[in-house]
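In what follows, chains are A, B, ... by sequence order, proteins preceding strands, each numbered from 1.
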Amino acid sequence: MQAEPVITLSKARLVMGQRMILRDVTAVIERGGPTVLLGPNGCGKTSLLKAMMGLVSLTSGTVDRHVGRASFVLQKPVMLRRSVYDNLAFARQTAGLPHSESVMTDLLNDFSLTHLAHAPARRLSGGEQQRLAIARALAREPALLFLDEPTASLDVAQTRLVEDLIARISARGVKIILSTHDLGQAKRIADDVLFLVEGQLAEQAPMASFFHAARSSQARAFLAGELVSIDGEKP
Amino acid sequence: MDATSAFSLILERDPALFAIVGLSLWVSLSATLLAGALGAGLGSAVALTRFPGRQGVVVVLNALMGLPPVVVGLLVYLALSRSGPLGQFGILFTPTAMIIAQTILIVPIIAALTRQVMEDLWGEYADELNAMGVTPWRRMRVLLWDARFSLVTILLAGFGRAAAEVGAVMIVGGNIDGFTRVMTTTIALETSKGNLPLAMGLGVILLTIVVAVNSLAWAVRAWAERHAG
Amino acid sequence: MKLGKALLVSAFLTAVVLPASAQDNFITVASTTSTQDSGLFGHILPLFKARTGIDVKVIAQGTGQALDTARRGDADVVFVHARAAEEKFLAEGFGVKRFDVMYNDFVLIGPKNDPAQLAGGQDVVAALRRLYEKTQPFVSRGDKSGTHQAELDLWKVAGLDPAATKPSWYREIGQGMGAALNTASAMGAYVLADRGTWLGFKNKEALKIVVEGDRRMFNQYGIMLVNPAKHSHVKAQLGQTFVNWIVSQEGQDAIRSYKIMGEQLFFPNATATTL
Ligand SMILES: Nc1ncnc2c1ncn2[C@@H]1O[C@H](COP(=O)(O)OP(=O)(O)OP(=O)(O)O)[C@@H](O)[C@H]1O
Ligand SMILES: [Mg+2]
């Protein structure tokens with residue numbers, strides 16, 4: 001399991017309009033427990049995840065994926081205008097996988113959606129929709145799962161539920177790359193941490209060392225609950 | 001004959017009136033189905049692709065929604081006439097000609113409205129479908145399916161316009177008794193005969209039919225929406 | 001989705017294939033609104049069908065338009081009433097031969113209160129001069145129909161030409177006979193109409209006949225087979241059968257027997273007996 005890269009980023013740069021959103025990010029993400037992308041609002045977490053997924057193309061630099069199928073749970077998942085069941089079935093289909101009633105039953109069960117199977121997906125509550133979005137991503141049987149702030153709109157109980165699910169998925173061998181600005185969450189689930197400030201990778205470290213011995217001044221400031229910027233000064 | 005006698009014709013199951021109503025429905029529903037296939041395809045294609053001059057196509061489609069029926073009628077007439085490019089098929093003054101004319105009349109309406117709906121829906125779905133790696137062809141099918149309730153409304157708009165127009169079917173159908181006479185041309189004819197009450201009565205029947213078709217479609221939509229959202 | 005496709009395909013097939021193959025025993029006759037609106041065809045065509053089994057599809061247009069329809073090859077027979085235009089059609093080679101069929105007459109219609117006081121007159125030309133002087137509202141078909149042509153001819157005899165000078169009381173509506181009568185009724189105007197349409201017209205309340213019986217108001221109908229030499233697809237045999245029947249004793253009797261409220265509308269006067 002040693003040094004088996006899942007994603008290699010090399011000087012990944014993304015410019016949109018006049019703004020540089022990713023600033024030459026270079027990093028290797030390895031197989032193992034969840035990697036957490038941490039950083040303040042607007043630092044470029046979503047952009048980096050999308051770049052790794054291939055949903056946006058880089059202005060310069062490269063991103064390489066070394067594993068098979070990936071799934072992506074958007075920060076604001078879109079529920080297709082169909083039933084819960086059909087949302088799952090559709091996602092599976094897009095991966096070219098054969099329909100399997102037992103897989104569907106398991107997914108619905110795992111995510112406590114069985115009683116809602118035939119309800120229109122768009123009428124689910126926010127928490128239910130978030131669970132469906134993750135279930136839908138898993139229906140594609142991915143080797144790699146991107147989760148963009150999967151608990152941002154959930155209450156504490158729902159957040160815990162989703163975190164448990166993530167732990168279980170990870171335990172099954174699916175590599176998870178997840179973004180959050182919630183320090184507690186990062187602590188609870190991260191194996192290692194990528195810390196992003198204004199599009200720049202300020203620090204990459206195993207979870208324990210990031211939280212207890214952050215090297216960068218920005219990380220220390222962020223952990224202390226302060227506003228941070230690239231040069232490490234308080235603005 | 002007067003307005004009430006138009007209804008007594010219905011009650012008496014007057015076969016001539018039934019044939020006229022039947023032909024109206026046949027022509028306008030066929031045109032709606034054909035235009036639905038063509039227009040929804042065209043509208044989706046424009047919504048989901050980017051090509052030079054696309055803005056122009058959008059503007060033209062929107063403008064053609066106001067296509068005057070008589071102009072369509074005249075164009076189809078000239079094309080289908082024995083002296084026209086498609087003369088050898090001999091379909092001028094037949095229900096087929098009427099279906100063609102009405103199809104052309106409502107394709108722009110269906111295409112323009114479909115484009116709008118599909119573009120909005122694509123804006124909403126783009127990230128999700130791209131993340132699932134959906135191919136362009138399947139993307140179109142997904143969007144069409146998920147926009148189905150809006151598309152039904154669009155089809156109804158097309159049907160309404162087709163069923164209500166008189167200019168095109170009069171010219172290309174010829175209003176032949178028992179063969180190409182539909183509700184609207186009958187109304188025009190009865191008006192020209194000074195039979196205003198009967199014309200009015202027929203108008204009410206036409207309106208009733210359009211309302212009935214709409215109600216049916218809405219009922220189906222409401223039912224389906226409750227089950228699929 | 002599958003159902004939709006199946007419907008679509010079957011709709012298309014039925015619409016396109018059936019009319020071409022299933023029913024070929026018919027002819028298309030380009031005729032005028034006056035013959036159709038008066039109900040004459042409704043009376044005689046079933047008789048013709050009973051005799052020959054041939055269906056007749058009538059396109060009712062103004063005479064000028066009817067002749068144009070035939071010129072384009074979209075009709076097998078023309079049955080119209082505008083002598084000069086028919087002669088021209090023949091001269092251009094579009095018609096095989098013209099036969100007189102019948103005549104009816106025109107009547108000058110006016111508002112019930114008859115502001116120009118024409119009622120009871122028999123001289124249509126004098127009546128038109130009077131309307132001109134008094135600038136009474138007058139509705140003209142303005143659609144190149146046989147009736148329109150007849151009206152223009154009568155103005156010519158009167159030595160007047162309102163169609164050229166277009167005074168405000170002279171209103172060209174560019175529509176059929178019934179529409180012209182409806183318009184006259186609504187505007188309290190005078191209008192020249194064929195008697196057949198007038199008798200069949202239902203919205204007479206505000207109108208009445210003011211001048212009738214002038215020989216200059218007789219209206220001759222003719223029938224022609226469209227020349228198959230110009231348009232090869234013309235159903236010459238079926239078309240000729242119809243022409244022959246119309247001018248035969250049986251056809252002429254059928255025309256004579258058509259009455260509205262006891263009044264005969266068309267007076268058969270075919271002279272030719274065809275082969
Ligand atoms: N299409 C775009 N055009 C221009 N700027 C963009 C575009 N998309 C994102 N940005 C900008 O890029 C920056 C990074 O956006 P991104 O969504 O990656 O941030 P984030 O870290 O995910 O923030 P949050 O925690 O609020 O979700 C933001 O300032 C955003 O306004
Ligand atoms: Mg984000």
ask   = Side-chain contact, heavy-atom cut-off 4.5 Å: B:W145 with A:R82?
value =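 The answer is yes, as the side chains (C-beta and beyond) meet within the 4.5 Å cut-off.
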
query = Mind checking whether A:F90 and B:V134 have side chains closer than 4.5 Å, heavy atoms only?
reply =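 The answer is yes, as the side chains (C-beta and beyond) meet within the 4.5 Å cut-off.
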
Structural part of [X] lying under 4.5 Å from a heavy atom of chain B:
X: A:F146; answer: neither
X: A:R136; answer: side chain
X: A:P77; answer: both

ask   = Does A:K76 come within less than 4.0 Å of B:D127, counting only side-chain N to carboxylate O?
value =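 A salt bridge is absent here (no side-chain N lies under 4.0 Å from a carboxylate O).
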
query = If you measure from the Lys or Arg side-chain nitrogens to the Asp or Glu carboxylate oxygens, is any gap between B:E128 and A:R81 under 4.0 Å?
reply =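 Result for this pair is no, no salt bridge flagged.
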
query = Atom CE in A:M79, atom CG in B:D146: separation rounded to 0.5 Å?
reply =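 Rounded to the nearest 0.5 Å, the CE-CG separation comes out at 12.0 Å.
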
ask   = Could you state the interatomic distance from CG (B:L129) to CG (A:L80), rounded to the nearest 0.5 Å?
value =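 Answer rounded to 0.5 Å: 6.5 Å.
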
ask   = How about residues 59-76 of chain B versus chain A: which residues have heavy atoms under 4.5 Å apart?
value =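 Residues of residues 59-76 of chain B touching chain A at under 4.5 Å: none.
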
